[in-house]
Amino acid sequence: MNLTTMALAQQPADGIAGWAADLVDTMGGPGAGFAIALENLFPPLPSEVILPLTGFAAGQGVLSLASALFWTTLGSVVGAVALYWIGVLFGRERMHAIWGKLPLVKASDLVRTEEWFAKHGTKAVFLGRMVPIFRSLISVPAGVERMPMPVFLMLTTLGSLIWNSILVMAGYWLGDQWDVVETYVGILSKVVVVLVLVAIAAYVAVRLRSRGQAQHRRTS
């Protein structure tokens with residue numbers, strides 16, 4: 001049994017963990033980077049599985065810790081740039097056209113959002129790289145708003161390096177208990193989803209109330 005097989009023998013043979021383990025087993029650091037690039041493009045692929053597992057493999061000597069951090073961060077940047085260009089191709093005009101067809105929203109809402117991103121976009125891109133779900137999605141508005149590519153690359157690299165380092169190092173230190181990371185980050189992801197749903201519900205409630213008051217004033 002070679003070193004790679006010994007290091008990954010404790011991992012599940014199927015599912016996301018098994019798939020990621022096979023990539024790291026076969027390709028080493030580039031395999032981990034490829035998995036993370038796909039995770040950026042398809043958020044259902046969980047970084048909380050791929051990154052700690054890569055850290056565990058590094059702890060077992062399958063790849064170096066520096067290689068694990070380099071390739072996973074490079075994968076994050078590649079995936080983010082792909083989403084950025086999707087935002088560029090989508091464009092502001094198409095965004096406004098779709099926004100105008102949505103119920104309970106106003107064109108002024110989108111304008112305010114654009115103004116907010118123009119003012120706080122750098123913080124949003126940097127910090128968003130460390131928030132589950134948003135770490136992928138934040139690249140799209142950055143492309144729509146045409147954030148300068150050098151700035152986008154710098155912020156994405158720094159934010160991704162911090163997030164990846166935390167999860168890779170956790171897997172490195174926890175060893176064969178690396179999957180504990182998935183549990184805690186999974187809880188954080190659920191909290192983020194709940195907060196987003198609450199915010200959407202509050203927004204819809206305010207819009208419906210405003211519409212009701214406007215109709216009341218017109219009929220009174």
Check your understanding: Taking side chain as C-beta onward, heavy atoms only, is Val24 less than 4.5 Å from Leu63?
Key -> yes

Review point. Honestly curious: do Trp163 and Leu41 fall in one hydrophobic cluster under the side-chain, below-4.5 Å linking rule?
Key: yes

Practice item. Can you establish whether the number of heavy atoms outside Phe126 located under 6.0 Å from its atom CZ is more than 12? Key: yes

Revision key, fill the gap. Shortest non-hydrogen pair, Thr156 vs Ala80, comes out as CG2-CB, 3.6 Å

Point to revise | Pairwise distance CG(Leu127) to OG1(Thr122) - rounded to 0.5 angstrom | key: 9.0 Å

Exercise for review: Check whether Met154 and Val125 end up in the same hydrophobic cluster, where Ile, Leu, Val, Met, Phe, Trp and Tyr are linked by side-chain heavy atoms less than 4.5 Å apart.
Suggested key: yes

**Study point:** Between CG on residue Leu69 and CG on residue Leu167, distance to nearest 0.5 Å
**Key:** 11.0 Å

Review point. Taking C-beta and beyond as the side chain, do Met169 and Leu65 meet within less than 4.5 Å on heavy atoms?
Key: yes

Review point. How far apart are the C-alpha atoms of Met147 and Ser139, what are their side-chain angles, what is the distance that settles it, and do they pass the side chain to side chain contact (heavy atoms under 4.5 Å, CB included) test?
Key: CA-CA 10 Å; Met147 174 179 282; Ser139 300; over 6 Å; no

Study note, to complete from the structure: For Thr54 and Ala32, the nearest pair of non-hydrogen atoms, with its separation, is OG1-CB, 3.6 Å

Review point. Any chain of hydrophobic side-chain contacts (each under 4.5 Å) joining Met27 to Ile50?
Key: yes

**Study point:** Point-to-point distance, once rounded to the nearest 0.5 Å, from CD1 of Ile162 to CZ of Arg129
**Key:** 11.5 Å

Review point. Any chain of hydrophobic side-chain contacts (each under 4.5 Å) joining Ile166 to Val77?
Key: yes

**Study point:** side chain to side chain donor-acceptor pair (under 3.5 Å) partners for Ser76, two or more places apart
**Key:** Asn164

Check your understanding: Is the gap between the ring centers of Phe152 and Tyr84 under 6.0 Å?
Key -> yes

Practice item. Give, for atom CG of Leu161 and atom OG1 of Thr72, the distance between the pair rounded to the nearest 0.5 Å. Key: 8.0 Å

Check your understanding: What about Trp71 and Val78, same hydrophobic cluster or not, with Ile/Leu/Val/Met/Phe/Trp/Tyr joined at side-chain heavy-atom distances under 4.5 Å?
Key -> yes

